[in-house]
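Report on one structure; see the data block that follows.
Counting convention: from 1, in listed order, for ligands and their atoms alike. For this chain, numbers begin at 1 and follow the sequence in order.
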Amino acid sequence: MYNKNIMLMAGPTTIPERELAAMNRQIIFHRSQEFEDISLELTENLKKVFKTKNDVMVLTGSGTSAMEASIQNCFSAGDEVICVVLGVFSERMARMAETYGLNVRRITKPDGEVATPEDVMPYVTENTKGVFVVHNESATGVTSDIRAFGEALKDTNALLVVDTVSGIGAIDFAMDDWHVDVAFASSQKALMGAPGTAVICLSDKAWKATETSTLPTFYLDLTSARDMGRKGQQPWTPAIYAIIGLNESVKMIVEQGIDNVIAHNSKLSAMVVEGLHKIGIELFAKDKRYASKSVNTFAYDKAPEFVRRLKEEYGITIYNGQAHLMSSTFRVGTMGYVSETDIAAFLYAAEKVKAELDAE
Ligand SMILES: *Cc1c(COP(=O)(O)O)cnc(C)c1O
C-alpha cells in the first residue's frame, strides 16, 4: 500500500521545505546587491555555527574541494604532515596530500576505532607542519576528540586540519576554543544545504601559513575568496542556487540556536541506538564513547537486505555500509532535517524487518 518517504541520510541530507521554496526562483546575478546581501548573511551565520571570529569562506565545489584548498593554500611540497586514517574519507585526505607532494605519515586505526593525541604526539616534531584529523569518519561511524587534539597541538608548529564534513551542525564543534587551524565541511550534510558548495575557515596561524605556502593555487585561492567574501562577492560564478539554499538552511540552524540543534541530533541518535539495541542490533564503534551521533553506524550481518527492505516495504531510506563494510554494517543519518517522529517510524519498521529476517 502507500508509503511516505522518510530519509535518514548520511549525505546528501533532506532539504527542508523552506529551503526548497527559497531556491524556487529566477536566477540572480552574482555581482548584484541582492546576492551580496545573501552571501554576507550566510557567512555571518556560518561564523556562529563554526564558533569563530575568523572569516568563513564559501567555495563552489563539494567538501572535497575544500579539502584540496586547505592543502594547496597552507602547505608546500615536501612538508611533513601526519594523517590520522580511520576510514575512506580520512584516507582520501592522505592520498590528496601525497598527490601534492607532501610527506605523509599515516596513523592508521582499525575500522571502528579512533586515534587519540597519545597515538599521534610521539610523531610530532618541530618539522611537523600539519596534523590532519577527520572529526566524524562517515565510513566507520566514529567521532574524534578534536578538542583534545587542539589542546595537544596548540603550541606546536603544526596546523590542526579538521575534516568536519559530517560533524559540524550535528555534533559539538568549536573552531576557536578548540584551537582548530583549518576546518571545512560540505553544504549537503548536517548543514542541510543543496550539494554544490563547501565551507572553510582558517585560524590566524593557518592564514600565516598561507603566506609561505609554495603550492600553486588559482580556482581555490583562499586569500581572494576571503577578500572578496568580505564584500559578499566570489572570485568566480558561484553555485548561486546552492548558496541561496544554504543561506536558508543555515538561517534555520541559527534561529534554533546551534547548541539546540546539536542537542536535538544527540537525542535522535540516542533513540536510534537504544531502539536498535532492544531488537539486538549494536553499534559498530568499538568504544561507544566515540560512536558517531550524526552517521550512526551499526554492525549487522544481514545489513544489505535490512536496508533494501526498509526502503521497499516501508519507504525508509538509510544507508548501506561503505566500501568493504557494505555487507556487515548499515548507517542511519540523524543529522539535519530529521524529527523524532521520523525516528519513531524508522524504529517501528526496523523491528518488523528484523523479525522477518530472523524468521527466515
Ligand atoms: C561526505 C564526506 C566527505 C566528502 O564530501 P563531498 O562533499 O562528497 O566532497 C569528506 N569527508 C567526510 C567525513 C564526509 O562525510
Who's the nearest protein heavy-atom neighbour of [atom], and how far?
{"atom": "atom 11 (N) of ligand 1", "value": "Asp163 OD2, 2.7 Å"}
{"atom": "atom 15 (O) of ligand 1", "value": "Ser138 OG, 2.5 Å"}
{"atom": "atom 4 (C) of ligand 1", "value": "Arg92 NH1, 3.5 Å"}

Answer yes if the side chains of Glu41 and Asn45 hold a donor-acceptor pair under 3.5 Å, and no otherwise.
->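 Note: Glu41 and Asn45 side chains miss the donor-acceptor criterion.
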Indicate whether the side chain of Asn265 and that of Thr334 have a donor and an acceptor atom separated by less than 3.5 Å.
->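 Yes, Thr334 and Asn265 have a side-chain donor paired with an acceptor closer than 3.5 Å.
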Should His135 be listed as contacting ligand 1, given a heavy-atom distance under 4.0 Å as the test?
->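 Per 4.0 Å heavy-atom rule, His135 does not contact ligand 1.
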Element-labelled atoms of ligand 1 that are located less than 4.0 Å from some non-hydrogen atom of Ser62 |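 Near Ser62, meaning under 4.0 Å from one of its heavy atoms, ligand 1 has 6 (P), 7 (O), 9 (O).
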Which bit of [X] gets closer than 4.0 Å to ligand 1, counting heavy atoms only: side chain, backbone, both or neither?
{"X": "Gln188", "answer": "side chain"}
{"X": "Lys189", "answer": "side chain"}
{"X": "Ser186", "answer": "side chain"}
{"X": "Thr64", "answer": "both"}

Does Lys47 come within less than 4.0 Å of Asp176, counting only side-chain N to carboxylate O?
->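 Salt bridge flag = no for Asp176 with Lys47.
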Less than 4.0 Å between a side-chain N and a carboxylate O, is that true for Glu255 and Arg18?
->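 Counted as a salt bridge, because a side-chain N and a carboxylate O are separated by less than 4.0 Å.
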Val338 to Leu268 - nearest heavy-atom pair and separation |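 Shortest heavy-atom separation between Val338 and Leu268 comes out as O-CD1, 3.4 Å.
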What do you reckon, does Asn136 have a nitrogen or oxygen under 3.5 Å from a nitrogen or oxygen of ligand 1?
->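 Between Asn136 and ligand 1 (N or O atoms, distance only) the closest approach is not under 3.5 Å.
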Contact (N/O only, under 3.5 Å) between Gly63 and ligand 1 |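 It does: an N or O of Gly63 is found under 3.5 Å from an N or O of ligand 1.
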Does the separation of the ring centres of Phe330 and Phe306 fall below 6.0 angstrom?
->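 Yes, they do, as the ring centres are separated by less than 6.0 Å.
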Determine, step by step, whether Tyr290 and Glu113 satisfy the side-chain hydrogen bond (donor to acceptor under 3.5 Å, both in side chains) criterion, reporting the C-alpha distance in whole Å, the side-chain angles of both residues, the deciding distance to 0.1 Å, and the verdict.
-> CA-CA 8 Å; Tyr290 295 109; Glu113 292 184 27; over 6 Å; no
Checking side chain to side chain contact (heavy atoms under 4.5 Å, CB included) for the pair Trp207/Leu222: CA distance, chi angles, key distance, verdict?
-> CA-CA 9 Å; Trp207 280 116; Leu222 290 178; 4.1 Å; yes
